[in-house]
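First the structure, in the form of structure tokens, and then the observations on it.
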Protein chains: 4
Amino acid sequence: MNLRKQKVAKKRKEMFRSAAKVVTNKGYDRATMEDIAAELLMTKGALYYYFDNKEDLIFQCHDLILSEALNEIEEIASMDLSPELKLEKAIKTHIDYAINEKEMFNMILVPEHTFVDDHLKLILEKRKRYTSVFDRIIEEGINKEDFKTSDSKMIRMIILGAMNWIQTWYSPRGGRSAEEIAETYSDLLLKLLS
Amino acid sequence: MNLRKQKVAKKRKEMFRSAAKVVTNKGYDRATMEDIAAELLMTKGALYYYFDNKEDLIFQCHDLILSEALNEIEEIASMDLSPELKLEKAIKTHIDYAINEKEMFNMILVPEHTFVDDHLKLILEKRKRYTSVFDRIIEEGINKEDFKTSDSKMIRMIILGAMNWIQTWYSPRGGRSAEEIAETYSDLLLKLLS
Amino acid sequence: MNLRKQKVAKKRKEMFRSAAKVVTNKGYDRATMEDIAAELLMTKGALYYYFDNKEDLIFQCHDLILSEALNEIEEIASMDLSPELKLEKAIKTHIDYAINEKEMFNMILVPEHTFVDDHLKLILEKRKRYTSVFDRIIEEGINKEDFKTSDSKMIRMIILGAMNWIQTWYSPRGGRSAEEIAETYSDLLLKLLS
Amino acid sequence: MNLRKQKVAKKRKEMFRSAAKVVTNKGYDRATMEDIAAELLMTKGALYYYFDNKEDLIFQCHDLILSEALNEIEEIASMDLSPELKLEKAIKTHIDYAINEKEMFNMILVPEHTFVDDHLKLILEKRKRYTSVFDRIIEEGINKEDFKTSDSKMIRMIILGAMNWIQTWYSPRGGRSAEEIAETYSDLLLKLLS
DNA sequence: CATGAATGAGGGTTCATTCAT
DNA sequence: GATGAATGAACCCTCATTCAT
């Protein structure tokens, strides 16, 4: 049934969100399957119908958000825009995730403390693909002489570091909206390339 | 005995280092007291001779490195230098910690996942003092019209975020020395203020 | 399910009995959760499905037997009987518990060695209610001039002390049945009031 | 050295008293060697110079008080007095211990929760000797037809139970002095034999 | 599909005991 | 004689996981 599959897919997304919420609040190890189930008004046992085990649940969760973000960022990279505009768009998209998907985003920041072996490897590869998109955009700008820098990796790491830090201090009740922050950051960070 | 006290103090530092190492590698929750003890060629029980419990051990560890860094950074802020030079020095010092005290540094990045209640409060207060030193230097530069920016907090957060991210990618076997990185970062980050 | 609840209630009673047995034999501190679980042919972990922790298990156990005995004794006090007959009945009931619920009874004798704070307070309050029933009966007898004594509290404490000591020496293989003992005790103890 | 031995003996008595104090307050299992040492302003290790181990310490403590009480009670039994006066004296002596050596006394009430095997056997034998002194006095009274009862054991157990219960409620800040209590108890308990 | 119940492995912590100094 | 330090066994408790119903 297509309808059924859609329903299941929707349910899984709900589960991801709840899982992310709990994991972000408590950390992976302190978040129990019971906590996650309770957030979903389910019993612990029911989760095992949908997922093999805790790591599997969180891994899929992790993978989903990463894949989504990767898609968006790759789409931006392939647009017919100037490197500067691409980078601006990429920065704003990243910050949008950092703020508006705070829970998911927060959860994936340090995968080394959650996963080992294969899962970790898969996650790290996808992250590498993600960061390499930024590298490509920056190098494109360097080639076109839009950007002036001798060290694209360093710049990329500054940019990502600065953005990933946002979720440690951002609060919706703070004085700045997500858009303002994205605007300010992209303005400032692009300065690094001029 | 003063000699005895010195010995104990030295031993405690060793313990801090080992604890930080294990916690950084595995995360607070996965690092067992046994792991930490093994790293020190001790038994688990011996740790409890020196510390009340796991949280106490890690908290003291946490507090030590934070206090040290705070002292250094405050000393820089009180020097008789131009804001630009102060900021440069502060950035280089911070990066020096991030790289050369990687284990300690890494451990303290997200205290929310380790501590709760009083310990967390104490840590967060000290962190606030740390970040406010950066704010002061930046504002000093703005007042002297050495720096051009309308939003010192934002700049500070970009700077700290960029620096704190270093430990996620730095490796001593990478192509760049700690000094090079510090140099590059301070050059680039100061651009944000020009 | 009402049926399920009944089952659970029954199981809990079983657990109380086993817990009391082990605690009486070994004392609270030496009785391990594993001991109690083994007595029930369960694993340790299963106990934690029903009770929050060891103290909780023993407290509930404690509270149950105390409440039951209190109910019986209060019922006797409210009967339409002479104080003498009431006291006789109360004594016999108490001794019946002391002997036939030896394990439960024994466990609750010195709550100070088991509980602290709130739990202890609750237990002590209920015990006070229990002893005050005896006081009421005795005072009723004094008022009706059935009993001759100037110090009802002292009498009550002698009576309770004498009865509570039974479980230190009673053995089902001894020469006296529970009924004989109860008979003898009530005869003798009532002498104190004549 | 006789002087030295005396000193040591005195020290040991001090230790017994401290140990009894701690054990009475916390119970045998909750009283740690450290607690006892702290009470004596010693370190834990030093206790092991005087005693083989915890059980040994408490056993000796136990044995001392029991032997003392036994001596006193046996002396009374061998006096040239009427059984009635002997029993009165014995009761008063026992109550004096119960109240004025509350800590020691309390500790020895339920040896089954402290000792096992040989130590327990020794204690129980000495207790048997103690109770048999009461039996002897009562039987003497029966033979001389001073006392009227058919069941001396039962009487003895009532008497001892009543007296041993005193320490659960006695407080120096209560309204009755030790002497008053002893007086009242001996009056009342002797009634059981008339 | 979902639940209640149970398991078992593992971690934090305590503490009697030992021992070099 | 005494101390600081260390050990190791045992205990309470948690929780991912399983499974009968």
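Note: hydrogens, waters and symmetry copies are ignored here, and every other heavy atom, side chains too, is used. Every chain is numbered from 1 and lettered A, B, ... according to where its sequence line falls, protein lines coming before strand lines.
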Writing each nucleotide of DNA chain E 5' to 3' as (, ), [, ], | or . by Watson-Crick or G-U pairing under 3.5 Å yields .||||||||||||||||||||
For [X], all residues meeting side chain to side chain contact (heavy atoms under 4.5 Å, CB included), sequence neighbours excluded:
X: D:Ala38; answer: none
X: A:Lys13; answer: A:Leu64, A:Glu68
X: A:Asn25; answer: A:Lys21

Between [N] ([atom2]) and [X] ([atom1]): distance, integer Å:
X: C:Arg12; N: E:dA6; atom1: CZ; atom2: C1'; value: 16 Å
X: C:Leu57; N: F:dC11; atom1: CG; atom2: C1'; value: 15 Å
X: C:Tyr49; N: E:dG8; atom1: OH; atom2: P; value: 17 Å
X: B:Asn53; N: E:dG11; atom1: CG; atom2: P; value: 17 Å
X: C:Gln6; N: E:dG4; atom1: CD; atom2: P; value: 18 Å
X: B:Ile58; N: E:dG12; atom1: CD1; atom2: C1'; value: 13 Å
X: C:Phe51; N: F:dC12; atom1: CZ; atom2: P; value: 15 Å
X: D:Asp52; N: E:dC19; atom1: CG; atom2: C1'; value: 16 Å

[X]: salt bridge (charged side-chain N to carboxylate O under 4.0 Å, His left out) partners, not counting sequence neighbours:
X: A:Lys121; answer: none
X: C:Glu14; answer: none
X: A:Arg127; answer: none
X: D:Lys126; answer: D:Asp63

Could you tell me the separation between the SG atom of C:Cys61 and the CE atom of C:Met15, rounded to the nearest 0.5 Å?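 Rounded to the nearest 0.5 Å, the SG-CE separation comes to 11.5 Å.
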I need the A:Ser18 OG to A:Leu57 CG distance, nearest 0.5 Å. 9.5 Å
Give D:Tyr50 one of three labels, base, sugar-phosphate or nothing, depending on what nucleic acid heavy atoms sit under 4.0 Å from its own. sugar-phosphate
Looking across every strand, which nucleic acid part, if any, lies under 4.0 Å from C:Lys7 by heavy atom: base, sugar-phosphate, or nothing?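 Since no nucleic acid heavy atom lies under 4.0 Å of C:Lys7, the category is nothing.
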DNA chain F-proximal residues of residues 31-48 of chain C, any heavy atom under 4.0 Å: C:Ala31, C:Thr32, C:Met33, C:Lys44, C:Tyr48
In residues 114-123 of chain B, what residues come within less than 4.0 Å of DNA chain F, judged by heavy atoms?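 Going residue by residue through residues 114-123 of chain B, none turns out to have a heavy atom under 4.0 Å of DNA chain F.
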If you count every heavy atom of other residues, nucleotides or ligands that lies below 6.0 Å from C:Arg17 atom CZ, does the total exceed 12?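 12 or below, so no.
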Under 4.0 Å between a side-chain N/O of B:Lys5 and OP1 or OP2 of F:dG4, yes or no? no
Only pairs under 3.5 Å count here: list side-chain donor-acceptor contacts from residues 104-118 of chain C, not counting sequence neighbours, and write none if there are none.
from, atom 1, to, atom 2, distance (Å)
C:Asn106, ND2, C:Gln167, OE1, 3.1
C:His113, NE2, D:Thr24, O, 3.4

Note: for C:Lys54 and B:Val8 on DNA chain F, the residue whose nearest nucleotide lies more 5' is B:Val8
According to the salt bridge (charged side-chain N to carboxylate O under 4.0 Å, His left out) rule, which pairs have a member within residues 43-54 of chain D, sequence neighbours left out?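 Checked against salt bridge (charged side-chain N to carboxylate O under 4.0 Å, His left out) - neighbours excluded - the pairs reaching residues 43-54 of chain D are D:Glu34-D:Lys44.
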